[in-house]
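Residue numbers begin at 1 in each chain, while the letters A, B, ... track the order of the sequences.
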Amino acid sequence: MKRLGLLYLAAQNLKRKPFRSFVTIAIVGLAAGTLFSATLLVKSVDRSLEVGLERLGADVMVMPEGSQEPGEAALLTGSPTSFYMEESVLDQVRAVPGVSQASPQLFIETLVSSQCCTGYLQLVGYEPATDFVVEPWLRQNLNRPLEEDEVVVGSLILANKGEHVHFYGKDFSVAGVLDTTGMGADESVFLRLDDAYEMAVESAAVADDELLITPGQISSVLVKIDRDTNSDLVAQRIRTGVAGVSVITADDLSRSVTDRISGFKRGFIALDAIVWVMSLLTIAAIFSMIVNERQREIGLIRAMGGTRNFIFRLMLAEALLLTAIGGAAGVFLGGSALFIFKTVITSSLGIPYLWPPMWYFGSMIGGTLMLSVATGAIASLYPALSSSRLEPYLAIRRGE
Amino acid sequence: MATEQETITNVEKAGETEGPVINLKDLSKTYKVGPNTVRAVESLSLEIPRGQMVSIVGHSGSGKTTLLSLIGGLTKPSSGRVLLEGNNIWNLTDKELSRLRNERVGFAFQFASLFPTLNAIDNVRLPATFGNSGAADDGNRAMDLLGLVGLKSRAHSYPAMLSGGEQRRVALARTLMNRPRIILADEPSGDLDEDTEADILEIFKRINEEGVTIVIVTHSRAVASQAQRMLRMHRGHLFEELE
Ligand SMILES: Nc1ncnc2c1ncn2[C@@H]1O[C@H](COP(=O)(O)OP(=O)(O)O)[C@@H](O)[C@H]1O
Ligand SMILES: [Mg+2]
């Protein structure tokens, strides 16, 4: 025979007014869902920035004058771009005090239709001798430098290690797939700068579209700075010392992302605060109603030997049950919504995105549920207390 | 129906105390209603020995319900003392008083008092869940009691599906669930048909024979006359009725 425990009685009570219970669940769910998804989104953007900038490894980026915007977009979200400047910029940058390492990159925006994939993607030529973006990864994962006609691809490029891809009539073999960063690198294909130039020269003969790049052109210079200086200072020196370039720092890049989501953040904090307060008030109001409606039952339970404490716990249990269900529903729906609309959100805001690790997910779920349940506890505390303090006789009488 | 040999309440086995089971001393209960003071019960003293069945009659508003609530500790007297089996109940903690109500007192109310969310048998079992009796066999006992009131077949019906008389019988089974030694019944057959009233009275008489002390408030002469002692309540005072 089933036990007529507290939880069973509480659950039975909630079924009495399904609509009212549903409304409570829905409002708590809304509060929990917005909190969960907004926090997750912001965290994912932060994480992507962190991982992506770490991968990039550069403190300062130098690009042709006027190409700052497409350059940022390419770095952050991988939207393909191409702009060029003369190689001489590299030496000028190297000569700037505070610059510790500088390495050129060449961006080629390309339409691919190979066996693996079609669509625009970004080819990035890098210089193996000076590179600090791909080389460290190669050293760790491949244990050798990239050879001629080899590429490593970002995690979103649908090609596996060992497969072959064609760009501008040239055949490359995939030497490795990079880890996900959520930033532009995920949609880029990295190849040696020399190969890129060679590809351009050969494209005149073998490709449908000739690649109009001459050896010696580069798209950007990635800079690592000395330890004892700061990136803003070095960036400023490059701006004044090198003509015809735009300079952005890694800090600028994060700041630009942070700015882009700050409006969103503020909006969500305001919305969520309102919804939480609303849930608090709704639950308090509903439970005051419940106490009123059930006076006679409360009196009867007391007459049967239920203690004050039991009444208190029964009311609290009902509130906790409702808010726990609401919180769980909110986490589930908010998480699903974020999962579904992630691409729309990130591309419309132009922000990078990388799901946080499992433990973070877990603690976010736990935290949201706890907050929901705490809301229930706080909101129902007074009604629960006053119901437990009703005099049984009066409770039974008033319920008549 | 429970077997003939089996008792419903097992009162004899319960602890025996000397002296009256119910002992009210100079008990008063007043209510403030606006500027007026209503004296629902006034300087009332009463001793009821174990195993007595007492009926109380009186006009409505004379204080009968208030008196029963005072005896059962559902309301606190304005002055005076209530002793149940020798315990001054207002010296007990809420936990102790609740336990006393749970284990020793059974209330039968005038109105339909079943919980709409529970079926008949769960309603009957309910008092067992508030006690610490372990309640492993409470299902069997509840079923026996439903048999006693003739509603075994309706064990899984919800109150809304039961007639008023059936609900009242289920409530009576619930009153008996924890084998109370004292039963306080407030017009338990108030609006019932004669047959149901007779059935209920029959059960009261039977448990009274087992030693249960019963105080029954009634409008019915027939019911009142079954008691060993008849009291009349008038404006908060009690008078012995002599046949
Ligand atoms: N909670 C209360 N507040 C004010 N007056 C009350 C309250 N309960 C009972 N009374 C009054 O006390 C008197 C006795 O009531 P009651 O015990 O219900 O009488 P009976 O059960 O004999 O009809 C009545 O005058 C009633 O109006
Ligand atoms: Mg009455």
Could you tell me whether the side chain of A:Thr307 reaches within less than 4.5 Å of the side chain of B:Arg99, counting heavy atoms only? no
B:Thr117 and A:Leu9: side chain to side chain contact (heavy atoms under 4.5 Å, CB included), yes or no, with the steps? CA-CA 8 Å; B:Thr117 57; A:Leu9 292 177; 5.7 Å; no
For chain A, which residues from residues 157-166 of chain B have at least one heavy atom closer than 4.5 Å to it? none
Let me see the working for A:Gln12 and B:Asp122 under side chain to side chain contact (heavy atoms under 4.5 Å, CB included), right down to the final yes or no. CA-CA 12 Å; A:Gln12 292 304 104; B:Asp122 285 347; over 6 Å; no
More than 12 heavy atoms of other residues, nucleotides or ligands under 6.0 Å from CZ of A:Phe361: is that the case? yes
Within the supplied structure, the quantity of interest is the number of heavy atoms (other residues, nucleotides, ligands) at a distance under 6.0 Å from A:Tyr8 OH; does it exceed 12? yes
Please examine the side chains of B:Pro116 and A:Glu297, heavy atoms only from C-beta on, and report whether any two atoms are closer than 4.5 Å. yes
What is the minimum heavy-atom distance between A:Ile396 and B:Leu74, and which atoms define it? CD1-CD1, 4.2 Å
Take A:Asn13 and B:Phe115, measure what side chain to side chain contact (heavy atoms under 4.5 Å, CB included) needs, and give me the verdict at the end. CA-CA 10 Å; A:Asn13 279 337; B:Phe115 286 72; 6.0 Å; no
For A:Met304 and B:Asn102, which heavy atoms make the closest approach, and how far apart are they? O-ND2, 2.8 Å
Where B:Arg101 and A:Pro392 come nearest, the two heavy atoms and their spacing: NH2-CG, 4.4 Å
CZ (B:Arg235) with more than 12 external heavy atoms under 6.0 Å: no
Within 6.0 Å of NZ in A:Lys17, more than 12 heavy atoms from elsewhere: no
Is it possible for you to check whether A:Arg302 lies under 6.0 Å from the centre of the six-membered ring of B:Phe130, through NZ or CZ, and within 45° of that ring's axis? no
Closest approach of A:Gly306 to B:Ser98 (non-hydrogen atoms, all atoms of both residues): O-OG, 3.7 Å
Considering residues, nucleotides and ligands other than B:Tyr31, do more than 12 of their heavy atoms fall under 6.0 Å from its OH? yes
Pair B:Lys76-A:Tyr393, side chain to side chain contact (heavy atoms under 4.5 Å, CB included): steps then yes or no: CA-CA 9 Å; B:Lys76 200 167 183 167; A:Tyr393 167 76; over 6 Å; no
Which answer fits A:Leu6, side chain, backbone, both or neither, if we ask what part of it has an atom under 4.5 Å from a heavy atom of chain B? neither
Checking heavy atoms, do the side chain of B:Ile121, its backbone, both or neither come under 4.5 Å from chain A? side chain
Separation of A:Leu4 CG from B:Asp138 CG (nearest 0.5 Å): 7.0 Å
Report which part of B:Leu118 has an atom under 4.5 Å of a heavy atom belonging to chain A: side chain, backbone, both, or neither. side chain
Got a second to check how far B:Leu126's CG is from A:Leu300's CG, nearest 0.5 Å? 9.5 Å
Heavy atoms of other groups near A:Arg389 CZ, more than 12 under 6.0 Å: no
I need the A:Glu391 CD to B:Ser69 OG distance, nearest 0.5 Å. 8.5 Å
